[in-house]
Amino acid sequence: MDTQNASSSEKSDFVRDIVAADLREGRISEVVTRFPPEPNGYLHIGHAKSICLNFGIAAEFSGRCHLRFDDTNPVKEEQEYIDAIEADVRWLGFDWGEYLFYASDNFEQLYEWATYLIREGKAYVDDLSAEEIREYRGTLTEPGKASPWRDRSPEENLDLFARMRSGEFPNGSRVLRAKIDMASGNINFRDPVIYRILHSAHPRTGDAWCIYPSYDFAHGQSDAIEGITHSICTLEFQDHRPLYDWFIENLPVPSTPHQYEFARLNLTHTVLSKRVLLRLVKDGFVHGWDDPRMPTLTGIQRRGFPAEGVREFAGMIGVARADSVVEIEMLEHAVRGVLNRTALRRFAVLDPIKVTIDNYPEGQTEEMDVTNNPEDPSAGTRKVPFSRELWIERDDFMEDPPKKFFRLSPGREVRLRSAYFVTCNEVVKDAEGNVIELRCTYDPATRGGAAPDDRKPKATLHWLSAAHAVPAEVRLYDHLFASPFPGSDGRDLFEDLNPASETVLSGCLVEPALEEAAVGETVQFERLGYFCVDPDSTSGAPVFNRTLTLKDSWARMQAKTNA
RNA sequence: UGGGGCGUAGCCAAGCGGCAAGGCAGGGGCCUUUGGAGCCUCCAUUCGUAGGUUCGAAUCCUACCGCCCCAGCCA
């Protein structure tokens, strides 16, 4: 029973099953995985799935996971991205230790192996142009045909390849191709390009090279050099696996890694395409890679999602081979789960309305003891000042309330959390008839929020003492895209952007404890949601990003009756 | 019409010949000094479809249907 319970709480999926079997049956003695980002953009939540898989497996099976940059295309790659990727993987909570690699570390070895292939008669320099190569490749249903340069001698190929390296030829003039099978049903076998001429500086190797290996020629060989046992990638590389294996078999590589593919993550109401994310940033649809609406790890972090929530989410969704789109609510559920356990509770009023307690002594202030986190007694309590003039949330009052509205209204008594019961006696309006102030009385016997006669108001409100409240800016965030499937049914992706994805509120008020809140800290504004201190905050002028709302059954009820 | 994959609830996903896990979402209820959280409970007589094998099929076989990926000198 115990072992059953223990094993059922372990993560299990087809990749872990394969690793476990390989270990059990002695095909490997230690599992070695790798996370191989190309430094041409920022990491997003989809990468988090892969990171959690690769680092997670290594940890669970006492192996190791390498961080390797797949930096074989200098025209798209930048040091900025390398730095950001390292920071994001660390933020997610993973450590590659000494195992930091770059495909570019292997450029010399890769070059040597390319010449090996040439000497074996398994690679050749092709003078065809890019367009000609495409034409010669054939189509999905028709075989390709041989390039006229396919049968050059190894000597000539070696000479040409060396001259490609030395910079003698312009971009696009020649490529090195593996000589495999122009008639293969798998297009990756139709003499794939393995080296191209790119007179372009590389973030790491500078101008040492003007020819660069393609992904197919670099990835598996880098795996072999590092001793990777399980090279885990996404489904679109399935067709490349035979080619991956071909290079491993035809080259004198030091180990025999294997590739396994899983379905990449898709999420509703957002998009996980580096191309589109780049465009959102470059065209100003968002404020940057770290915009709290972005699905990038840096954006998610600024939004206030804890790394633990992201990891929990990765565990929830599993790993399989079927294409899927996960509802973003699952991510939000995981995030709320950790925030509920860890976030300190605070009072904040986003849309204030004045409350005056007529029978409370003018000039008096009390320090009320308020629980920091009812889920975690060890978080203790804090003092929140209470006085005669208060702010409450405008939404928490209705002059003419519908049946199920339990909050404040004329003649009704509610509890001010951890303070007193108050009753609304009078509604003050301006010339236009807008409610501008509520005149209330309090019951001194209910100090702390409990009545000696045990009567229980149907609602508990959050509040702020007017004299002590700190002004703040609060940014409300919602899904980046209004449609769950952006760009579906032929719509332009950008038409589906949610116009209400960001709402900036000024004139919000927060309790004094928040005046000097630490950037990056996420707290719960009681009854409103989770909010994260934004780096735009300055001393005494905090800025908060709404991470997520609390689940709101009142709002749900409203929506249902309105529908 | 070539090659490679995938179809289990609204969504994700276990299941590996013995009678459909779990989570998210949703419904109902309890509880509550957050209309939060928590707790209880309901939610697939059926696994893309049709045949077949078997005492027994989501699991094996056959055919069909649907969806995804591949024709970068991107990864």
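Put simply, K551(A) has a side-chain N or O that comes within less than 4.0 Å of OP1 or OP2 on A25(B).
In this structure, Q524(A) CD and L548(A) CG are separated by 11.5 Å, a value rounded to the nearest 0.5 Å.
Side-chain to base pairing of R134(A) with G72(B): no donor and acceptor N or O lie closer than 3.5 Å to each other.
In this structure, CZ of F237(A) is placed 14 Å from P of C74(B), rounded to the nearest angstrom.
When both distances must be under 3.5 Å, the Watson-Crick or G-U wobble mate of G2(B) is C70(B). Across all strands shown, nothing is found opposite U34(B) as a Watson-Crick or G-U wobble partner with both distances under 3.5 Å. Nucleotide A25(B) forms no Watson-Crick or G-U wobble pair with any nucleotide shown, as no partner meets the under 3.5 Å limit on both distances. If you check G51(B) for Watson-Crick or wobble pairing at under 3.5 angstrom, you find it paired to C61(B).
Between Y420(A) and Y442(A), the ring planes lie perpendicular to each other; the angle is over 60°, past the 30° to 60° tilted range.
Taking only side-chain atoms of T460(A), from C-beta outward, the nucleotide of C73(B), G35(B), A75(B) with the closest atom is G35(B). Closest contact between the side chain of R527(A) and the listed nucleotides U34(B), C70(B), A37(B) involves U34(B).
Judged by distance alone, the side chain of S222(A) and the main-chain N or O of A218(A) form a donor-acceptor pair under 3.5 Å. A donor-acceptor contact shorter than 3.5 Å is absent between the side chain of H479(A) and the backbone of F481(A).
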Sugar-phosphate means primed atoms, P, OP1 and OP2; the rest is base. With that split, encode nucleotides 3-15 of chain B 5' to 3' as B, S or - using protein heavy atoms under 4.0 Å. BSSS---BBSSS-
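K274(A) comes within 4.0 angstrom of no nucleic acid atom, judged by non-hydrogen atoms across all strands.
A 6.0 Å sphere centred on CH2 of W149(A) holds no more than 12 heavy atoms belonging to other residues, nucleotides or ligands.
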